[in-house]
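Have a look at the structure below, then the notes.
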Amino acid sequence: LVDNQLYRASGCSKLNRGTGRQSVAYMTPFLVELSGVDDIRNDDRVEVGVYSLADSEVSLKGADGFDVSYQTFTMTPNARWRAATTARIVDGVLASEPIPVVRLSRAGGFGASRAVYEPNSPNFVRAGEHEYRDVRFRVTMNADGAFSGVMANYRPIDNIYLSQYGGGRGTASTANNDCAAEYNTLALFADGYPDPVTGECAAISAAQNITGIPAFVVRPPSEGEASK
């Protein structure tokens with residue numbers, strides 16, 4: 001279970017509500033690789049990899065606007081944007097063990113580029129990643145490998161601010177966001193990772209609805225063959 005305080009704090013903002021592109025595609029696509037699967041309905045242990053896409057990779061869309069199944073994607077060679085855990089599948093529902101930290105590239109998002117990426121930079125253009133902590137997946141598997149479900153986690157509020165509200169005057173004037181007020185609201189609703197001295201929380205509980213298509217995953221050239 002997750003409280004999803006992030007949605008309480010920002011769900012009514014223009015960046016997060018409605019049915020527009022931003023609400024459907026909260027972040028750029030990423031890869032979830034399952035291996036060691038003996039039975040897609042019931043398996044007491046499977047390996048789960050979570051990866052950003054390699055440079056210049058994009059997900060192809062069909063005429064209906066949805067991602068095309070059985071595409072081939074190359075995972076990032078950047079170890080910072082790769083994570084792993086284990087999971088169980090019971091009656092077609094996969095539930096993962098927690099992952100302490102998942103970082104995913106936000107290249108292709110507003111102002112974001114791998115070319116200028118700097119970890120933890122105070123410049124939002126250079127802090128080109130989303131950060132998630134204590135990540136758990138709970139998804140319903142289909143026979144073809146597609147899935148839908150929830151990714152539950154805690155988001156560091158500074159990372160949210162840099163990736164969504166750090167555009168300064170552009171964010172305020174174009175996206176119609178009150179950046180200072182929204183940061184204060186995130187801090188007010190934050191409920192994770194309390195400071196041992198002040199007790200103030202540095203992260204906020206969150207949950208993202210996610211869907212996955214069956215696809216082929218290609219490892220970087222030095223790491224071997226493709227997997228499905």
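- Side-chain atoms of Asn142 never come within 3.5 Å of backbone atoms of Asp144 as a donor-acceptor pair (strictly under, hydrogens ignored).
- The distance from the OH atom of Tyr183 to the CD1 atom of Ile157 is 4.0 Å, given to the nearest 0.5 Å.
- Between the side chain of Arg82 and the main chain of Thr76, a donor-acceptor pair closer than 3.5 Å is present.
- Checked by atom type and distance alone, the side chain of Glu57 never pairs as donor or acceptor with a backbone atom of Ala54 at under 3.5 Å.
- We find the OG-CZ distance between Ser52 and Phe73 to be 13.0 Å, quoted to the nearest 0.5 Å.
- Listed for the Glu182 side chain is no donor-acceptor partner under 3.5 Å among the backbone atoms of Ser10.
- At a threshold of 4.5 Å between non-hydrogen side-chain atoms, the residues Arg103 and His130 do not count as touching.
- In the hydrophobic clustering of ILVMFWY residues, with side-chain heavy atoms under 4.5 Å counting as a link, Ile89 and Ile210 come out together.
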Is there a side-chain contact (heavy atoms from CB on, under 4.5 Å) between Gln208 and Tyr7 once you walk through the steps?
-> CA-CA 10 Å; Gln208 291 81 36; Tyr7 198 73; over 6 Å; no
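- We find that Asp43 and Arg88 are not joined by a salt bridge, their nearest charged nitrogen and carboxylate oxygen being 4.0 Å or further apart.
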Residue pair Met141, Leu34: steps toward the side-chain contact (heavy atoms from CB on, under 4.5 Å) verdict | CA-CA 11 Å; Met141 304 296 303; Leu34 302 183; 3.5 Å; yes
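- Val48 and Val150 are assigned to two separate hydrophobic clusters, defined by single-linkage of ILVMFWY side chains at heavy-atom distances under 4.5 Å.
- The cluster map of Ile, Leu, Val, Met, Phe, Trp and Tyr, joined by side-chain heavy atoms under 4.5 Å apart, puts Ile213 and Phe137 in different clusters.
- Two residues are said to be in side-chain contact when any heavy atoms from C-beta on lie closer than 4.5 Å; Pro194 and Glu200 fail this criterion.
- When the side chains of ILVMFWY residues are joined at heavy-atom separations under 4.5 Å, either directly or via intervening members, Val139 and Val32 end up in a single hydrophobic cluster.
- Between Glu131 and Arg80, none of the side-chain N atoms (NZ, or NE/NH1/NH2) sits under 4.0 Å from a carboxylate O, so this pair counts as no salt bridge.
- No donor-acceptor pair closer than 3.5 Å links the side chain of Asn42 to the backbone N or O of Ile40.
- The distance from atom CG of Leu31 to atom OH of Tyr51, rounded to the nearest 0.5 Å, is 8.5 Å.
- Using a 4.5 Å heavy-atom threshold, the side chains of Asp91 and Arg41 count as touching.
- Remark: Arg133 is not positioned above the aromatic ring of Tyr154, lacking an NZ or CZ atom under 6.0 angstrom from the ring centre and at most 45 degrees off the axis.
- Test Asp191, Asp3, Asp134 against Ser205 for side chain to side chain donor-acceptor pair (under 3.5 Å) and you get one pass: Asp191.
- Taking CG from Leu188 and SG from Cys201, the interatomic distance works out to 11.0 Å, rounded to the nearest 0.5 Å.
- Between the Asp195 side chain and the Thr198 main chain, a donor and an acceptor come within less than 3.5 Å of each other.
- Cation-pi geometry between Arg155 and Tyr132 is met: the NZ or CZ atom falls under 6.0 Å from the ring centre, inside 45° of the normal.
- Nearest approach of Ala9 to Leu186, heavy atoms of both residues: CB-CD2, 4.0 Å.
- In this structure, the separation between CD1 on Ile204 and OG1 on Thr185 is 9.0 Å, given to the nearest 0.5 Å.
- Annotation: side chain of Ile99 is in contact with side chain of Val102 (closest heavy-atom distance under 4.5 Å).
- Checking Asn159 against Glu129 by side-chain atom types alone, no donor-acceptor pair falls below 3.5 Å.
- Heavy-atom neighbours of Arg138 CZ from other residues, nucleotides or ligands within 6.0 Å: at or below the threshold of 12.
- Asp44 CG to Asp38 CG: the interatomic distance, rounded to the nearest 0.5 Å, is 8.0 Å.
- Val135 and Leu104 fall within a single hydrophobic cluster, where Ile, Leu, Val, Met, Phe, Trp and Tyr side chains are chained together by heavy-atom contacts under 4.5 Å.
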Could you give me the CA-CA distance, side-chain angles and deciding distance for Asp67 and Thr211, then say whether side-chain contact (heavy atoms from CB on, under 4.5 Å) is met?
-> CA-CA 10 Å; Asp67 300 278; Thr211 58; 5.9 Å; no
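- Thr86 contributes no side-chain N or O that, together with a main-chain N or O of Arg45, makes up a donor-acceptor pair within less than 3.5 Å.
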